[in-house]
Amino acid sequence: MLHTDTLPAAPVSGSFLHAFSRGLLLFSVVLTGALSLSWTILLPRFTQFAVGDFTFTVREMAANESALRAQLQTMEAERIRLVLPFQDALFSVLKQEKYAVPSLNEVRREVRHAAVRAQTGDAVVLQEMTFDASQRRVQVTGDVRGAGASSMTVLAAFLGEVERLSFVEKMEHPPFSRIDDPEIGVHSPFRFSFSLTPLFR
């Protein structure tokens with residue numbers, strides 16, 4: 001059987017322990033001071049954000065972001081509330097009424113009344129009236145007969161009456177002429193057009 005001699009552990013001197021504890025204490029003090037300085041001076045400097053004329057910390061930025069998100073959600077809900085009526089069927093009906101124009105029968109009736117107001121007899125003869133729905137434009141063709149030398153005067157009065165109608169806009173006046181025809185006598189033919197205004201604006 002082998003026999004091994006074991007040496008007793010060397011005693012630890014008190015001076016070593018004292019020096020070690022002093023070093024550990026000094027390291028702890030320096031580390032604590034460094035962390036305190038970085039927390040109070042360095043970290044605020046590197047964790048602040050300048051937005052315009054204002055400076056915010058990380059916590060303030062997070063709070064501002066939450067507030068802005070809540071405000072954005074509120075504004076989005078308000079936008080949806082304002083936009084939804086445009087998808088309603090009633091809005092479509094109102095929009096169609098806004099851009100609706102008088103019927104051709106109504107236009108024809110009002111133009112005939114204008115002709116009556118502009119003459120004393122039956123001088124104004126309406127021959128044709130056409131309506132272009134795509135451009136909302138009406139064209140009127142006719143003649144002024146039986147007024148003699150006043151045919152152009154009657155024509156001017158008739159055009160003035162038509163132009164004063166509530167649904168007439170952008171009227172194109174015809175050239176004024178007086179023609180002496182051996183069959184119908186002196187007359188002034190005309191062809192003019194005008195656009196129709198919407199019934200509701």
Side-chain angles (χ1 to χ4, degrees), residues 24-118 126 128-142 158-174 190-201:
L24 183 61
L25 178 62
L26 180 62
F27 174 75
S28 301
V29 170
V30 172
L31 180 62
T32 303
L35 291 176
S36 300
L37 288 176
S38 64
W39 183 264
T40 57
I41 297 176
L42 296 178
L43 285 179
R45 177 176 297 180
F46 290 107
T47 57
Q48 288 182 347
F49 302 91
V51 180
D53 297 332
F54 303 96
T55 303
F56 300 97
T57 63
V58 175
R59 292 183 178 179
E60 291 174 342
M61 287 290 290
N64 287 338
E65 182 184 4
S66 300
L68 289 175
R69 287 184 182 277
Q71 184 178 3
L72 181 62
Q73 291 178 355
T74 303
M75 295 176 66
E76 181 69 15
E78 181 67 14
R79 184 188 72 83
I80 293 175
R81 187 185 68 81
L82 294 175
V83 170
L84 282 180
F86 293 93
Q87 302 174 359
D88 192 86
L90 180 59
F91 175 77
S92 300
V93 173
L94 293 176
K95 185 177 179 181
Q96 291 177 0
E97 289 184 354
K98 177 180 179 181
Y99 294 102
V101 294
S103 65
L104 184 58
N105 290 334
E106 183 179 358
V107 173
R108 184 180 290 110
R109 182 177 65 251
E110 292 300 324
V111 170
R112 286 176 179 171
H113 290 169
V116 172
R117 291 192 298 270
L126 299 176
E128 185 181 13
M129 189 179 301
T130 59
F131 175 53
D132 186 352
S134 62
Q135 297 184 357
R136 295 187 329 211
R137 196 153 189 86
V138 177
Q139 181 173 287
V140 181
T141 304
F158 170 57
L159 295 176
E161 291 291 337
V162 172
E163 198 166 17
R164 280 191 288 270
L165 295 176
S166 60
F167 51 76
V168 173
E169 69 175 1
K170 297 180 182 178
M171 182 173 177
E172 294 182 2
H173 290 267
F190 60 83
R191 175 180 294 175
F192 63 91
S193 62
F194 56 85
S195 298
L196 297 177
T197 62
L199 291 175
F200 304 94
R201 296 190 180 186

Where Leu126 and Val140 come nearest, the two heavy atoms and their spacing: CD2-CG1, 3.9 Å

Side chain to side chain contact (heavy atoms under 4.5 Å, CB included) partners of Leu26, counting only residues at least two apart: Val30

Gap separating the OG atom of Ser193 from the NE2 atom of His173, nearest 0.5 angstrom: 10.5 Å

ring-ring contact (aromatic ring centres under 6.0 Å, His included) partners for Phe194, two or more places apart: none

Set of residues satisfying salt bridge (Lys or Arg N to Asp or Glu O under 4.0 Å) with respect to Glu161, sequence neighbours excluded: Arg117, Arg164

Listed partners of Arg191 passing side chain to side chain contact (heavy atoms under 4.5 Å, CB included), at least two apart: Gln139, Thr141

Partner set under side chain to side chain contact (heavy atoms under 4.5 Å, CB included) for Gln71, not counting sequence neighbours: Leu68, Met75

Check: Phe190 and Leu159 side chains under 4.5 Å, non-hydrogen atoms: no

Close side-chain approach of Val138 to Phe192, heavy-atom, < 4.5 Å: no

Listed partners of His113 passing side-chain hydrogen bond (donor to acceptor under 3.5 Å, both in side chains), at least two apart: none

Worked verdict on Arg137 versus Glu172 for side chain to side chain contact (heavy atoms under 4.5 Å, CB included): CA-CA 11 Å; Arg137 196 153 189 86; Glu172 294 182 2; 3.2 Å; yes

Set of residues satisfying side-chain hydrogen bond (donor to acceptor under 3.5 Å, both in side chains) with respect to Glu65, sequence neighbours excluded: Arg69

Salt bridge (Lys or Arg N to Asp or Glu O under 4.0 Å) against Arg108, all qualifying residues, sequence neighbours excluded: none

Nearest non-hydrogen partners of Leu196 and Val107, listed with the distance: CD2-CG2, 4.0 Å

Sequence-distant partners of Glu76, side-chain hydrogen bond (donor to acceptor under 3.5 Å, both in side chains), two or more places apart: Arg79

Contacts of Glu163 that satisfy salt bridge (Lys or Arg N to Asp or Glu O under 4.0 Å) - sequence neighbours left out: none

Within-4.5 Å side-chain heavy-atom neighbours: Arg136 and Ser195: no

Counterpart residues, side-chain hydrogen bond (donor to acceptor under 3.5 Å, both in side chains), relative to Thr130 (two or more places apart): none

